[in-house]
Protein chains: 2
Amino acid sequence: MKIGELAQLAQCTVETVRYYERENLLPAPARTQGNFRLYGPLHVERLRFIRNCRALDMSHDEIRNLLALADRTAEGCGAVNAVFDQHIAHVDERIRELAQLKEQLSALRQRCAGEHAVAACGILQGLAAMETEARHERHTHLG
Amino acid sequence: MKIGELAQLAQCTVETVRYYERENLLPAPARTQGNFRLYGPLHVERLRFIRNCRALDMSHDEIRNLLALADRTAEGCGAVNAVFDQHIAHVDERIRELAQLKEQLSALRQRCAGEHAVAACGILQGLAAMETEARHERHTHLG
DNA sequence: GCACAATCTGAAGCTACTATAGAGTCAAGC
DNA sequence: GCTTGACTCTATAGTAGCTTCAGATTGTGC
């Protein structure tokens with residue numbers, strides 16, 4: 001099949017498919033005489049795998065890692081579990097961060113109930129007065 | 001004061017300060033004879049405001065919006081509240097997304113308890129078998 | 001033979017910075 | 001007066017994961 005059909009089967013765009021090839025997530029396929037990419041069922045499987053990982057917000061590095069581990073059929077899946085556990089930890093941490101953020105935002109929001117002049121707006125005052133703190137390092141690739 | 005001092009007062013790097021100037025978040029300051037940027041207390045206040053907004057994960061667009069609203073002192077703060085509420089909605093949605101993600105990940109994780117061959121790994125099988133779904137539109141700028 | 005869809009490559013754009021190179025400025029010490 | 005070192009300047013490229021675009025080719029239906 002050609003790239004358009006593959007993309008449709010994996011629910012992504014053809015640009016994304018070509019991008020994954022450049023990124024070495026998808027192997028370069030055979031070409032037709034006219035230089036069109038020609039894919040088979042294995043490509044569909046692999047691309048679906050990648051898209052599913054992305055739907056779980058894994059990074060390309062994590063996915064490349066998983067794919068390499070899956071290809072080394074001789075070995076056990078302990079390493080797979082490790083990658084997975086680490087990713088779950090990423091998600092967990094981001095959830096915690098956002099929950100804390102939401103508390104701060106809600107607290108600020110309560111400082112302005114009505115419609116007064118901006119000079120008196122509790123939100124703006126709060127934003128100006130907050131204790132500026134250094135940006136902490138990210139322990140997750142999740143935004 | 002010069003850029004280094006300003007950056008320290010706002011807990012960010014000098015590169016970030018110059019970047020904000022290019023992005024029209026911070027107004028271009030006066031310069032010394034030697035072409036060094038020269039800042040006053042108003043710049044400190046504004047930069048702190050920006051950094052606090054960023055600590056709350058607001059986008060530059062949201063911040064530009066808030067700054068413009070704060071500058072129009074004649075008007076009320078209804079619009080400020082609107083920007084703020086929308087941002088809280090962003091955070092809320094992202095938390096919901098991640099919570100759902102975590103459920104999926106946990107379910108997958110339970111499919112592989114021990115250390116077997118990768119061919120039998122429930123996680124990898126699950127990743128291959130998941131129903132590929134189209135990436136839904138983002139309603140939040142939060143990653 | 002011609003229109004039109006699909007494909008090709010390469011490059012630029014997005015967000016919010018960070019990092020680097022190479023040049024210039026300034027204050028202190030000898 | 002001269003050097004050293006800290007600071008600053010501009011301009012450019014890199015990050016992640018794509019998306020968008022321009023301009024050229026290929027393939028298909030009539």
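Each chain gets a letter, A, B and so on, in the order its sequence line appears, and its residues count up from 1.
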Inset, instruction - Take nucleotides 3-20 of chain C nucleotide by nucleotide from the 5' end and write B, S or -, depending on whether a protein heavy atom sits under 4.0 Å from the base, only from the sugar-phosphate, or from neither. - result: ----SBB------BBS--
Inset, instruction - Mind checking the CG-NZ spacing from B:Asp57 to A:Lys102? Nearest 0.5 Å is all I need. - result: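 It comes to 15.0 Å.
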Inset, instruction - To the nearest 0.5 Å, tell me how far A:Ser59 OG sits from A:His87 NE2. - result: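 Taking OG in A:Ser59 and NE2 in A:His87, the distance rounds to 8.0 Å.
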Legend entry - Protein-nucleotide distance (A:Asp57, atom CG; D:dA16, atom P), rounded to Å: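 Atom CG in A:Asp57 sits about 15 Å away from atom P in D:dA16.
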Legend entry - Atom-pair distance (CD1 on A:Ile63; P on D:dA16), nearest Å: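 Taking CD1 of A:Ile63 and P of D:dA16, I get 13 Å after rounding.
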Inset, instruction - Please indicate whether A:Glu93 has more than 12 foreign heavy atoms, meaning atoms of other residues, nucleotides or ligands, lying under 6.0 Å from its CD. - result: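 Yes, enclosed.
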Inset, instruction - Indicate whether any N or O donor in one side chain lies under 3.5 Å from an N or O acceptor in the other, for A:Arg51 and A:Tyr20. - result: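 Result is yes, a qualifying pair exists.
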Legend entry - Salt bridge present between A:Glu5 and A:Lys2 (N-O < 4.0 angstrom):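 No, A:Glu5 and A:Lys2 are not salt-bridged.
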